[in-house]
Amino acid sequence: MTKRDAAPSARRSRLGAPLAPSFYDRPTELVARELLGAVLECTTPEGVTRGRIVETEAYLGDHDDACHAVAGLTRRTKDLFGPPGISYVYFIYGMYWCFNAVTRERGHGSAVLVRAVHPTDGLPLMHARRPKAKRERDLTNGPGKLCLAMGIVGEMSGRSLRTPPLMIRAGEPVADDQVIVTPRIGITRAADWPLRYLVRDDPFVSATPKHFQQRTWSP
DNA sequence: ATCCGGATCGCCT
DNA sequence: GGCGATCCGGATG
């Protein structure tokens, strides 16, 4: 009568392998869609936090007017122009960090912005870092919020996503009919390009403006 | 539920 | 000098 686990929950706690650079060295739209379900992990002296990626946006490079790559190679964008599979963390609105994974070959200037994660590990730490979050979903349902909750900061930019402090691991894949595609949030240029990907009905996805065009992903 | 303004600052024009 | 790949709190329907 030992209290062995009654439910098959072991599967849930097994960690996937970090995604290889070859995963990222593909068309950015595809990487953005396939990053749904992968696990973002951040390790700091305070502890480890993890979350399943449920919302992403593709930024295509210097031909995409909403992408930071249009500014060219500057101090701010140097990591964006780095090799596939590294982080690009940038500072925005004088207050917040946003996390991207760099895609395509070095020098392309394309990346995937992670806009929301569904927390799986380190929830007490996330709550401590986000005292303003009233509801559970407010912890990580936005690009700035998830960086606050997970402790992602600018010093973590430009580094491989296969080793700490920032990693992305393989996770449970998301079926095609669960993926919704809409325009990107909060931009003024190329505002109608359908490059935002989200998991249908996940409570941690950020709000979609009512007037946005919305369709299901088709491969 | 949706809209609006304020906070705050590095970066490019 | 002005503008963001944002968040939050308060006002309004």
Side-chain angles (χ1 to χ4, degrees), chain A residues 24 27-29 31-33 35-36 40 42 51 53-82 86-104 108-117 119 126-158 161 166 168 180-198 201 203-214:
Chain A
Y24 302 94
T28 306
E29 303 93 314
V31 176
R33 182 262 176 268
L35 238 21
L36 295 179
L40 178 61
C42 186
I53 296 172
V54 294
E55 179 178 346
T56 59
E57 282 177 0
Y59 286 87
L60 303 184
D62 64 12
H63 59 95
D64 173 359
D65 284 339
C67 182
H68 291 172
V70 298
L73 182 56
T74 67
R75 187 164 66 254
R76 186 195 201 200
T77 62
K78 76 173 161 46
D79 296 332
L80 177 58
F81 285 97
I86 68 167
S87 55
Y88 168 50
V89 181
Y90 68 87
F91 192 56
I92 189 67
Y93 294 116
M95 256 180 278
Y96 301 106
W97 298 104
C98 289
F99 166 78
N100 295 250
V102 174
T103 63
R104 307 287 301 265
H108 202 93
S110 55
V112 173
L113 170 70
V114 176
R115 287 194 53 89
V117 304
M126 293 195 200
H127 272 107
R129 286 166 168 161
R130 290 217 11 92
K132 291 182 180 172
K134 304 255 182 263
R135 307 164 301 179
E136 189 91 332
R137 65 174 182 268
D138 294 325
L139 278 181
T140 53
N141 62 349
K145 297 178 197 176
L146 76 89
C147 285
L148 285 170
M150 300 187 74
I152 297 173
V153 293
E155 295 83 66
M156 297 174 182
S157 187
L161 290 170
L166 278 175
I168 298 181
I180 305 225
V181 184
T182 83
R184 295 171 289 186
I185 302 280
I187 57 171
T188 56
R189 294 157 296 182
D192 55 341
W193 294 14
L195 294 174
R196 172 172 176 250
Y197 304 83
L198 53 94
D201 296 333
F204 288 84
V205 167
S206 72
T208 300
K210 209 179 70 164
H211 59 89
F212 266 33
Q213 181 87 242
Q214 211 172 138

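Heavy atoms only: backbone and side chains are in, while hydrogens, waters and symmetry mates are out. Within every chain, numbering begins at 1; the chains are lettered A, B, ... in the order of the sequence lines, protein sequences first and strands thereafter.
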Measure [atom1]/[X] against [atom2]/[N] and give the value in whole Å, please.
| X | N | atom1 | atom2 | result |
| --- | --- | --- | --- | --- |
| Ile185(A) | dG4(C) | CD1 | P | 16 Å |
| Arg184(A) | dG4(C) | CZ | C1' | 14 Å |
| Arg135(A) | dA1(B) | CZ | C1' | 11 Å |
| Asp65(A) | dA5(C) | CG | P | 12 Å |
| Phe99(A) | dA5(C) | CZ | C1' | 14 Å |
| His68(A) | dC11(B) | NE2 | C1' | 10 Å |
| Asn141(A) | dT6(C) | CG | P | 13 Å |
| Leu35(A) | dA5(C) | CG | P | 20 Å |

At what distance, to the nearest 0.5 angstrom, does [atom1] of [X] lie from [atom2] of [Y]?
| X | Y | atom1 | atom2 | answer |
| --- | --- | --- | --- | --- |
| Glu55(A) | Asn141(A) | CD | CG | 8.5 Å |
| Arg130(A) | Leu148(A) | CZ | CG | 5.5 Å |
| Met150(A) | Leu40(A) | CE | CG | 4.0 Å |

Would you say Arg130(A) reaches dC7(C)'s phosphate, i.e. side-chain N/O to OP1/OP2 under 4.0 Å?
->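 Checking Arg130(A) against dC7(C): no side-chain N or O falls below 4.0 Å of OP1 or OP2.
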Short side-chain N/O contact from Thr74(A) to OP1 or OP2 of dC12(B), under 4.0 Å = yes
dA5(C) base stacked by Tyr59(A)? Criteria: ring centres under 5.5 Å, plane angle under 30°.
->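 Stacked: ring centres under 5.5 Å, planes under 30°.
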Please examine the side chains of [Y] and [X], heavy atoms only from C-beta on, and report whether any two atoms are closer than 4.5 Å.
| X | Y | answer |
| --- | --- | --- |
| Leu80(A) | Cys67(A) | yes |
| Leu113(A) | Tyr90(A) | yes |
| Arg76(A) | Phe91(A) | no |
| Phe212(A) | Ile185(A) | yes |
| Ile187(A) | Tyr59(A) | yes |

Minimum-distance nucleotide to Asn100(A) side chain [options: dT2(B), dC7(C), dA5(C)] = dA5(C)
Could you walk me through whether Thr28(A) and Val112(A) pass the side-chain contact (heavy atoms from CB on, under 4.5 Å) test, one step at a time?
-> CA-CA 7 Å; Thr28(A) 306; Val112(A) 173; 3.9 Å; yes
Could you go over nucleotides 3-10 of chain B and give all protein N or O partners under 3.5 Å, atom names and distances?
| unit_1 | atom_1 | unit_2 | atom_2 | d |
| --- | --- | --- | --- | --- |
| dT8(B) | O2 | Tyr93(A) | O | 2.5 |

Per-nucleotide pairing state of DNA chain B [Watson-Crick or G-U, under 3.5 Å; [ ] pseudoknot-crossing; | other strand] = |||||||.||||.
Using a cut-off of 4.0 Å on non-hydrogen atoms, how would the nucleic acid contact of Arg196(A) be classed: base, sugar-phosphate, or nothing?
-> nothing
Name the nucleic acid region contacted by Ile187(A), choosing base, sugar-phosphate or nothing; use a 4.0 angstrom heavy-atom cut-off, strictly under.
->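 It contacts sugar-phosphate atoms only.
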Identify, between Arg189(A) and Lys132(A), the residue whose nearest nucleotide on DNA chain C lies closer to the 5' end.
-> Arg189(A)
Find which nucleotide of DNA chain C each of Arg76(A) and Ala133(A) is nearest to by heavy atoms, and output the residue with the more 5' nucleotide.
-> Arg76(A)
For Arg196(A), which of Thr208(A), Val181(A), Thr56(A) qualifies under side chain to side chain contact (heavy atoms under 4.5 Å, CB included)?
->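 Checked Thr208(A), Val181(A), Thr56(A) against Arg196(A); only one passes side chain to side chain contact (heavy atoms under 4.5 Å, CB included): Thr208(A).
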